[in-house]
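When a ligand or atom number is given, it counts from 1 through the structure's own listing order. In this text the structure is predicted, and so the values were computed from the model without any measurement.
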Amino acid sequence: MPSDITMDKLVALCKSRGFIFPGSDIYGGMANSWDYGPLGVELKNNVKQAWWKMFVQSRLDMVGIDAALVMNPKVWEASGHVATFTDPLVECKQCHERYRADQIDLAAPCQKCGNKGTFTEPASFNLMLKTFIGPKEDATAVAYFRPETAQAMFVDFPLVLQSSRKRVPFGIAQIGKAFRNEITPGNFIFRTREFEQMEIEYFVHPSDWEVQFEAWHKRMYEWMAFCGLKKDQVHDLEVPAEERAHYSKRTVDIEYDFPFGRKELYGIAYRTDFDLSNHAKATGKEITYTDPITNEKYVPHVIEPTFGVDRTVLAVLVSAYSEEQATTADGETDTRIVLRFPKALAPIKIAILPLSKKDELSDLARPLAERLAKKWRVDYDETQSIGKRYRRQDEIGTPYCITVDFESLEDKAVTVRDRDTMQQERIKIDALEEYLAAKFES
Ligand code: ATP
């Protein structure tokens, strides 16, 4: 586990710096709901964009979709979610606290009231979030907010196949919100009732699943390295048959050492032809693929790498966080908190810091900031001492701080400070864009 970080510190930093706020804060909050603030939304968008680039745009065998959140309820019957997407729920008869039976020791006392032997028998609790579509709130109007993005990729498979003219093996990807009425949400953004997923359904010939499983498993590790996650904090858990989801013949959970323990970050599952075959049965439509070379007609099998967006953001924050002793610009020693984000994920790429608020400096610094903002996300900050401003940028993980000083008026140059090394370099303003472009590419 990373030694410097505790959840208390991280949650406080996220709130004070504008990464993640408690939801509905001025109304006293809403349990386990979180809002991404100005920096959080940049970080989260960077995660999603980088993922899309790595797994969709840069691959000839991948396409994407963006489907409706509320699908025909028959989808969830065919997929097995209505019958089996459940967690075992127990309630303490004394204090009425509810728990997931698979997450606590049922022989131990209730964590809330301390009484022993007061749990009810576990009952299946369906996690799908229900709603009603249209003005009538009766059984015919019941619909569900999707509990995963995956099903739309199966339901749209025939239309994607026809319109994209892809050949197996190929995959469909989607990024979007999913909803689960979790019994025990918690641990900040780790488990919430509303969250985002980045999922891939990769369609393969049945004989090819093992090779493709390994290949996608490897790619997931490449993604985690890109995100800056340390290899020794990521672990595979081969899920035993009795614990696997109803559709899966092999599942590996990829776990991460969060400050609250080792927990699931991502998963990769071999879903066989379960979903396509069930949708074919339920709709009476043929959902098959014909190999154009061999003419073999079959139902493709599926490898599913699944990634939680919010858990990625959390793991990226935890991995990036570090505390170190440093000397300030004013010559004092203090603790420097740095978020060492990979540059591609950093919410702010460059901070422009004029040494004083005087007009002559603003006249040079403002247009410079506006010019750079056309290419990168830029922050402009002219208040407080330069030392404090550097610290603030370190705390939000800005890779480069650019100081505009009175000498800049003479030598047409600025000082560029590197977040990680704290080294400073004097760069001519004319050469700045090229210099920064090279830095961001490296
Ligand atoms: P868990 O065992 O933690 O409940 P799961 O096995 O049910 O997770 P999956 O159904 O495999 O999760 O969902 C795919 C991914 O979606 C997970 O690996 C995780 O990153 C993310 N995810 C699932 N549930 C939540 C949630 N309630 N809040 C945030 N992210 C979630």
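The aromatic rings of F190 and F260 stand perpendicular to each other, their planes meeting at an angle above 60°, with 30° marking the opposite boundary.
Not counting sequence neighbours, the partners of F203 by the ring-ring contact (aromatic ring centres under 6.0 Å, His included) test are F157, F170.
For a heavy-atom separation below 4.0 Å, the residues in contact with ligand 1 are R100, R180, E182, F190, R191, T192, F195, Q197, E264, L265, Y266, T306, G308, R311.
Tested against Y400 for a side chain to side chain donor-acceptor pair (under 3.5 Å), the candidates R419, K343, K349 yield a single pass: K343.
Using a 4.0 Å cut-off between charged nitrogen and carboxylate oxygen, E433 and R371 count as a salt-bridge pair. A salt bridge between D102 and R100 is present, with a side-chain N of the basic residue lying under 4.0 Å from a carboxylate O of the acidic one.
For CZ of R193, the number of neighbouring non-hydrogen atoms (other residues, nucleotides, ligands) closer than 6.0 Å is greater than 12.
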